[in-house]
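What you see is a predicted model, and the numbers here were worked out from it, not measured in a lab. The figures that follow rest on heavy atoms only: side chains count, while hydrogens, waters and symmetry mates do not.
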Amino acid sequence: MTLGASEVRAVGDTWPGATVLTGPAATTTAVREALATHDIVHLATHGRHDADNPLFASVDLADGPLFAHELDGTRLPGSVVILSACEVGGSSQVVGGEVLGLTSVLLRLGARAVVAAVAPLSDAVAARVMPRFHAHLRATDDPEAALAAALADEPEPAPLVCFGSLEGLER
């Protein structure tokens with residue numbers, strides 16, 4: 001089992017009744033559906049930010065990449081989206097001054113907050129930090145405070161940032 005799959009299972013264990021998608025079940029269609037219907041969506045995969053064309057920022061899924069531009073039209077239910085993937089928290093300023101990337105797209109589509117890495121994120125660090133983050137999120141409903149608490153004792157670099165509204169979750 002990869003660290004990403006074990007990370008997703010550990011995170012899923014934090015939330016009773018969670019939908020856990022790993023391996024072949026983690027498709028672009030399944031993830032788009034989860035984004036549109038779940039309060040919390042956690043993706044543990046490889047990702048990339050395309051500085052030249054930020055709408056091609058993507059996360060790798062079982063059937064290929066899911067690009068930021070493919071999410072257009074998806075409405076997120078005020079969710080917290082966690083992108084446990086390298087560099088997908090990056091953004092680029094495009095002509096006209098707009099700042100774009102996967103995080104800005106998710107926020108524009110209705111996510112309350114997006115937690116994402118702005119630099120390479122070690123799989124081992126993510127596997128340690130993310131279950132702690134979710135335990136704190138479940139206890140506080142505050143993504144910013146949960147991230148700070150999860151990172152407080154982490155000895156290795158974890159370039160994770162919380163973007164967006166930092167209000168409590170509505171359940």
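- Tested against Thr14 for a side chain to side chain contact (heavy atoms under 4.5 Å, CB included), the candidates Met130, His134, His136 yield a single pass: His134.
- No donor-acceptor pair under 3.5 Å is formed between the side chain of Asp142 and the backbone N or O of Leu137.
- Counting heavy atoms from C-beta outward, Val31 and Thr27 have side chains that stay 4.5 Å or more apart.
- Between the side chain of Ser92 and the backbone N or O of Ala51 there is at least one donor-acceptor pair closer than 3.5 Å.
- With contacts defined as side-chain heavy-atom distances shorter than 4.5 Å, the pair Val161/Val115 does not qualify.
- Using cut-offs of 30° and 60° for the angle between ring planes, the His69 and Phe56 rings count as tilted.
- Thr45 places a side-chain N or O within 3.5 Å of a backbone atom of Asp60 that can act as its donor or acceptor partner.
- Under a 3.5 Å cut-off, the side chain of Ser79 and the backbone N or O of Val81 do not form any donor-acceptor pair.
- A distance of 10.0 Å separates CG of Leu43 from CD of Glu7, quoted to the nearest 0.5 Å.
- At a threshold of 4.0 Å, the pair Glu156-Arg128 counts as salt-bridged, since one of the basic side-chain nitrogens sits closer than that to a carboxylate oxygen.
- Within the 4.5 Å cutoff, side-chain heavy atoms of Ile40 are placed close to those of Trp15.
- Taking all atoms of both residues into account, the shortest heavy-atom contact from Gln93 to Gly97 is NE2-CA, 3.2 Å.
- The closest donor-acceptor contact from the side chain of Arg132 to the backbone of Ala149 lies at 3.5 Å or more, if one exists at all.
- The side-chain heavy atoms of Leu71 and Leu35, taken from C-beta on, include a pair separated by under 4.5 Å.
- Here the shortest heavy-atom pairing between Thr19 and His38 reads OG1-NE2, 3.3 Å.
- A heavy-atom distance below 4.5 Å is not found between the side chains of His46 and Cys86.
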